Amino acid sequence: RELHTIRESCDMIDTILDDNGDVIYVHKGDNLASIIETAPPSSVLMIDAEYETDADLVLTKPITMQSDNLVTGRANPTYQMPVIRGSLVSEAVAMISNIHISGVKREGALVVAGDHLSLVGCVVHGSAYGQHRGILANSDGLNLIDSWVGNIFDSIDTQALVGWDRSRNWNVKNCYLEASGENILLGGDDASSEANIPENISIVGCDINKPLGWKGDPTITVKNLFEIKNAKKVLMNDCHLTNCWRSGQDGYGILLTVRNQEG
């Protein structure tokens, strides 16, 4: 049932985004934020692979953003792809492919996911000063595929991927996820109701890791690799979980509890 729901989510994204009549090419020097604002719904933005911009982007309409040089397989920070130095907030159905989102400050999440966001072959890279969160997904229908999320470190709770309210029907596949606090956390704050407890989460074929170079750094607090505080119907399969140690907590690889934030 969970996989059927995920497939329905992907099919809905395909249906909405395939019904477009506008392909807009974005070249070096163009103002991407302005193009997004004026683009018709369901447009495809084809962005030069060497394109760079400093911008916090908000997607308020169905849209596809992709590099003009699509790379298959898991992305990594060495690939040449369009670079957005800032954050991305999706408030509508969106498909983002082969885009590098890079932080410029420690605070906040680099990606705030609305319902039915797909990130495929993307890089989500925390700033040189660290990053509070990589992807915050209090949303339905997240597809995170072939992507790299890293350099997410902080002296307080921080995650590569986190959700606690309406976080459901996630498909996380073949990704690298790196963070100092919890790499993946379901829960951490209370859901708004029992109906909005995170559920139907699939995490398959992922590498979940903390770099050993963080060990002993007093500015970096390590907790766990994978933690569920409050969730149901969660599948993790064929994943590698590596490197965790005593720091902010006892350093378990996997931590499961049976209660919400307030017990």
Side-chain angles (χ1 to χ4, degrees), residues 9-104 108-126 131 133-137 139-150 161 170-175:
S9 171
C10 293
D11 290 345
M12 189 188 78
I13 291 170
D14 289 341
T15 298
I16 292 173
L17 294 177
D18 283 347
D19 187 27
N20 66 77
D22 296 88
V23 176
I24 300 171
Y25 293 90
V26 181
H27 304 297
K28 187 175 181 179
D30 289 347
N31 187 322
L32 180 58
S34 294
I35 291 171
I36 289 171
E37 184 176 349
T38 58
S42 298
S43 294
V44 175
L45 306 188
M46 195 76 67
I47 307 175
D48 289 350
E50 65 273 15
Y51 181 86
E52 297 186 15
T53 186
D54 297 323
D56 293 317
L57 302 179
V58 180
L59 309 180
T60 60
K61 68 194 82 171
I63 204 163
T64 295
M65 287 200 312
Q66 66 182 57
S67 170
D68 68 354
N69 180 31
L70 291 176
V71 179
T72 59
R74 184 187 295 178
N76 71 63
T78 67
Y79 288 178
Q80 185 175 54
M81 57 180 70
V83 176
I84 298 167
R85 286 185 292 268
S87 62
L88 177 73
V89 177
S90 68
E91 298 177 354
V93 176
M95 174 74 77
I96 313 297
S97 300
N98 282 166
I99 302 291
H100 184 134
I101 303 166
S102 183
V104 295
L110 286 176
V111 176
V112 179
D115 289 353
H116 307 295
L117 170 67
S118 288
L119 295 170
V120 180
C122 290
V123 169
V124 179
H125 194 289
Q131 198 72 45
R133 289 194 171 110
I135 301 171
L136 170 60
S139 57
D140 186 351
L142 172 70
N143 292 292
L144 181 64
I145 300 169
D146 294 342
S147 293
W148 188 100
V149 183
L161 175 61
W170 288 7
N171 177 25
V172 182
K173 185 175 181 181
N174 190 34
C175 293

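This one's a predicted model, so the numbers in the text were calculated from it and none came from an experiment. Positions are given from 1 along the sequence.
- Residue A113 comes nearest to L142 through the heavy atom pair CB-CD1, 4.3 Å, listed as atom of the first residue, atom of the second, then distance.
- A salt bridge (Lys or Arg N to Asp or Glu O under 4.0 Å) check over residues 24-48, counting only residues at least two apart or in different chains, returns nothing.
- I84 CD1 to H100 NE2: the interatomic distance, rounded to the nearest 0.5 Å, is 10.0 Å.
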Give the C-alpha distance, both sets of side-chain angles, the deciding distance and a yes or no for side-chain contact (heavy atoms from CB on, under 4.5 Å) between I99 and L88. CA-CA 11 Å; I99 302 291; L88 177 73; over 6 Å; no

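- For the side chain to side chain contact (heavy atoms under 4.5 Å, CB included) criterion with I135, the lone passing option out of V172, L161, L117 is L161.
- Partner P62 forms a side chain to side chain contact (heavy atoms under 4.5 Å, CB included) with one of S43, S42, S90 and no other, that one being S42.
- Judged as a salt bridge (Lys or Arg N to Asp or Glu O under 4.0 Å), the pairs with a partner in residues 114-124 (not counting sequence neighbours) are, in order, D115-R166.
- Of all non-hydrogen atoms in S118 and M95, the two that sit nearest each other are CB-SD, 3.4 Å.
- Rounded to the nearest 0.5 Å, atoms CD1 (I24) and OG1 (T64) are 11.0 Å apart.
- Between N98 and P82, the shortest heavy-atom distance links the atoms O-CD, 3.4 Å.
- A pairwise comparison of heavy atoms in V83 and S102 identifies CG1-CB, 4.5 Å as the closest pair.
- Every pair passing salt bridge (Lys or Arg N to Asp or Glu O under 4.0 Å) that includes a residue from residues 83-98 is listed here, sequence neighbours excluded: E52-R85, D54-R85.
- Minimum interatomic distance between G73 and D146 (heavy atoms only, all atoms of both residues): O-CB, 3.5 Å.
- Between the side chains of N76 and T78, at least one donor N or O sits under 3.5 Å from an acceptor N or O.
- Considering every non-hydrogen atom in both A49 and Q80, the closest pair reads O-CG, 3.7 Å.
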